[in-house]
Structure formats: C-alpha cells, structure tokens
Amino acid sequence: QVQLVESGGGLVQAGGSLRLSCAASGRTFSSYAMGWFRQAPGKEREFVATIGWSGSTTRYTDSVKGRFTISRDNAKNTVYLQMNSLKPEDTAVYYCAGGRIARAMGVIDEYDYWGQGTQVTVSS
C-alpha cells in the first residue's frame, strides 16, 4: 500500500509561483509513474502533469505547458509540481497520484493511489 501526502498549496496572486510536494510512503515509489491532477469547484478532475519512474519522461496538459514543471526525487520518495506564472483559472484542489506502471499518459484510470489534495487559490 502506498500513501500520498500533498503539501505546498496556498493563496497566491496572479503571476506568482507555488511548489507543490507529494511525499509517498512505501518502498516501491521509485518504480511508479506519478501524476498531478486538479479539480475546480463544479468541474471534473482533470490531468495536469505526469512523470515516469525514472524522471526522464514527462507529459503536461496544454494549458500548463511552459508554466508548470513536474519532477521527482526517488531518494526522498517525493514528487514536485513547480507552478509559475499562475493564473486565476489554475485555482483548484490539486491531487497527487501514483500508478503501478513505469510511465503513464495521464488518464485517471492509470493511477492506483491518490492523496487527499491541497488547495491552490490564485487571486486576480
């Protein structure tokens, strides 16, 4: 069993930056694909970014390309989401997810483990 705990959310002005962290328990973290999703009020959960087990493969949704960067430190069992140039439309609860596969495409069903979420609010 893998447990995921997100941190780093908060309130920031448009144009600002935040870095989300997701700490994972379990010895098999380094073999999992990891991802970030988000869910705004009244909307479905959507894919943001994903990273393969080695960190060499990443994928982003179009709306965050060039602004967000996903990375991981397998020695620390942690995955990060660096968010720059934040916009009000980035406001959502951000969820960390882990999948028992080497690489993922960002489809929700690929991920087996989920964190509890962290709120990100971007003011205009």
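FYI, the numbering just counts along the sequence from 1.
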Arg45 and Trp114, any side-chain heavy atoms less than 4.5 Å apart: yes
Flag side-chain contact, heavy atom, 4.5 Å: Leu81 against Met83: yes
Do the non-hydrogen side-chain atoms of Phe68 and Asp90 ever get within less than 4.5 Å of each other? yes
Taking Ala23's backbone N and O only, do any of them form a donor-acceptor pair with Asn77's side chain (distance below 3.5 Å, no angle check)? no
Give the intermediate values and the outcome of side-chain contact (heavy atoms from CB on, under 4.5 Å) for residues Val120 and Leu20. CA-CA 9 Å; Val120 171; Leu20 305 183; 4.0 Å; yes
Measure the CD-CZ distance between Glu110 and Phe47 for me, rounded to the nearest 0.5 Å. 9.0 Å
Hey, is CD on Gln116 packed in by over 12 heavy atoms from elsewhere, all under 6.0 Å? yes
Does the Lys NZ or Arg CZ of Arg38 fall within the cation-pi geometry relative to Tyr95 - under 6.0 Å from the ring centre and within 45° of the axis? no
Of all heavy-atom pairs between Arg103 and Gly52, which one has the smallest distance, and what is that distance? CG-CA, 4.1 Å
Under a 3.5 Å distance rule, please check whether Gln39 uses its side chain to pair with a backbone N or O of Ala92 as donor and acceptor. no
Check whether Thr118 reaches the backbone of Gly9 with its side chain - one donor and one acceptor, N or O, closer than 3.5 Å. yes
Where Lys65 and Tyr60 come nearest, the two heavy atoms and their spacing: CE-O, 3.3 Å
Quick check on the 6.0 Å ring-centre criterion: do Tyr111 and Phe37 meet it? yes
Treat each ILVMFWY residue as a node, draw an edge where side-chain heavy atoms are under 4.5 Å apart, and state whether Val48 and Tyr80 are in one component. no
Among Val64, Thr61, Ile51, Val79, which residue satisfies the side chain to side chain contact (heavy atoms under 4.5 Å, CB included) criterion with Trp36? Val79
Is a donor on one side and an acceptor on the other found under 3.5 Å between the side chain of Arg67 and the backbone of Ser85? yes
Let me confirm one number: the SG-CD distance from Cys22 to Gln3, rounded to the nearest 0.5 Å. 11.5 Å
To check you understand the geometry: which heavy-atom pair defines the closest contact between Asp112 and Arg100, and what is its length? OD2-N, 2.9 Å
Evaluate the side-chain proximity of Thr91 to Leu86: yes if any heavy-atom separation is below 4.5 Å, no if none is. no
Thr69 side chain vs Gln82 backbone, donor-acceptor pair below 3.5 Å: no
For Trp53 versus Arg72, what's the shortest heavy-atom pair and its separation? CA-NH1, 3.4 Å
Within this structure, what is the CE-CG distance for the pair Met34 and Asn74, rounded to the nearest 0.5 Å? 9.5 Å
Strictly distance-based, threshold 3.5 Å: is any side-chain N or O of Glu6 a donor or acceptor partner for the main-chain N or O of Cys96? yes
Taking atom types as modelled, find out whether Thr78 and Asp73 have a side-chain donor-acceptor pair closer than 3.5 angstrom. no
Which heavy atom in Ala24 sits nearest to a heavy atom in Val2, and how many Å separate them? CB-CG1, 4.4 Å
Can you name the closest pair of heavy atoms from Thr50 and Ala104 and give their distance? CG2-O, 3.5 Å
Working to the nearest 0.5 Å, report the span between NZ of Lys87 and OG of Ser124. 14.0 Å
